[in-house]
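First comes the structure, then the notes that go with it.
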Amino acid sequence: QVQVVESGGGVVQPGGSLRLSCAASGFTFSNYAMNWYRQAPGKERELVALITRASGSTNYTDSVKGRFTISRDDAKKMVYLEMNSLKAEDTAVYYCSFARASGNRIWGQGTQVTVSS
């Protein structure tokens with residue numbers, strides 16, 4: 001079964017850090033670019049970060065550049081999102097995702113990140 005499962009969310013104070021993890025199974029992980037999206041209450045889901053296959057090139061939405069880092073471990077079939085200097089506006093449900101060759105996008109169940117004092 002093709003799936004991705006996120007973990008690592010929680011409640012953190014502004015300026016704090018969290019590391020999200022995504023465990024992949026059921027597909028050849030190393031063949032796919034991987035993405036982190038987020039969806040805040042009342043807002044559309046947005047792409048936060050992506051990492052390509054092979055070279056592992058990365059890209060980030062402007063609001064998280066310099067604060068978030070996406071990485072992958074192909075041997076473990078894991079993708080990570082290191083989040084530093086968190087702000088209240090980072091509060092959202094974070095989703096791990098990838099697009100299959102057919103164009104169908106696979107989503108995890110999401111993990112809640114709440115930044116609050």
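As the structure is a computational prediction, the values presented were derived from the model and not from experiment.
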Practice problem: Begin from the C-alpha positions of W36 and F68 and carry the test ring pair (Phe, Tyr, Trp, His ring centres under 6.0 Å) through to its verdict. | Solution: CA-CA 11 Å; W36 284 99; F68 289 13; 10.0 Å; no
Quiz item: Can any side-chain N or O of E6 pair as donor or acceptor with the backbone N or O of C22 at less than 3.5 Å?
Solution: no
Exercise. Spell out, as yes or no, whether a donor-acceptor pair under 3.5 Å connects the side chain of S97 to the backbone of W107.
Key: no
Self-check item: Side-chain heavy-atom pair I70, V79 within 4.5 angstrom cut-off
Solution: yes
Quiz item: Looking at L86, V11, T114, T111, which one forms a side chain to side chain contact (heavy atoms under 4.5 Å, CB included) with L18?
Solution: L86
Quiz item: Would you say T69's side chain and E82's backbone share a donor-acceptor pair under 3.5 angstrom?
Solution: no
Quiz item: Do N84 and S17 meet the criterion of a side-chain donor-acceptor pair at a distance under 3.5 Å?
Solution: yes
Quiz item: Is it true that K65 and D62 have a side-chain N and a carboxylate O under 4.0 angstrom from each other?
Solution: yes
Practice problem: Assess R67 against Y60: is NZ or CZ under 6.0 Å from the centre of the six-membered ring, and within 45 degrees of the ring's axis? | Solution: no
Quiz item: Rounded to the nearest 0.5 Å, what separation is found between the CZ atom of F29 and the NZ atom of K76?
Solution: 12.0 Å
Quiz prompt | Test of ring centre spacing under 6.0 Å for F27 and F98 | solution = yes
Practice problem: Find out whether V115 and Q13 are in side-chain contact, i.e. whether some heavy atom of one side chain is under 4.5 Å from a heavy atom of the other. | Solution: no
Practice problem: Please determine if R19 forms a cation-pi arrangement with Y80, meaning its NZ or CZ atom is less than 6.0 Å from the six-membered ring centre and no more than 45° off the ring axis. | Solution: yes
Exercise. Return each pair, listed once, that meets salt bridge (charged side-chain N to carboxylate O under 4.0 Å, His left out) where at least one residue sits in residues 40-50; pairs must be two or more places apart or across chains.
Key: R38-E46
Quiz item: Rounded to the nearest 0.5 Å, how far apart are CE of M78 and OG of S21?
Solution: 4.5 Å
Quiz item: Is any side-chain heavy atom of Q109 less than 4.5 Å from a side-chain heavy atom of V4?
Solution: no
Self-check item: From CG (L47) to CG (N59), nearest 0.5 Å
Solution: 8.0 Å
Exercise. Compare all side-chain heavy atoms of S63 with those of E89 and state whether any distance is below 4.5 angstrom.
Key: no
Quiz item: Are Y95 and V48 joined in one hydrophobic group, where the rule is that I, L, V, M, F, W and Y side chains link up if heavy atoms are under 4.5 Å apart?
Solution: no
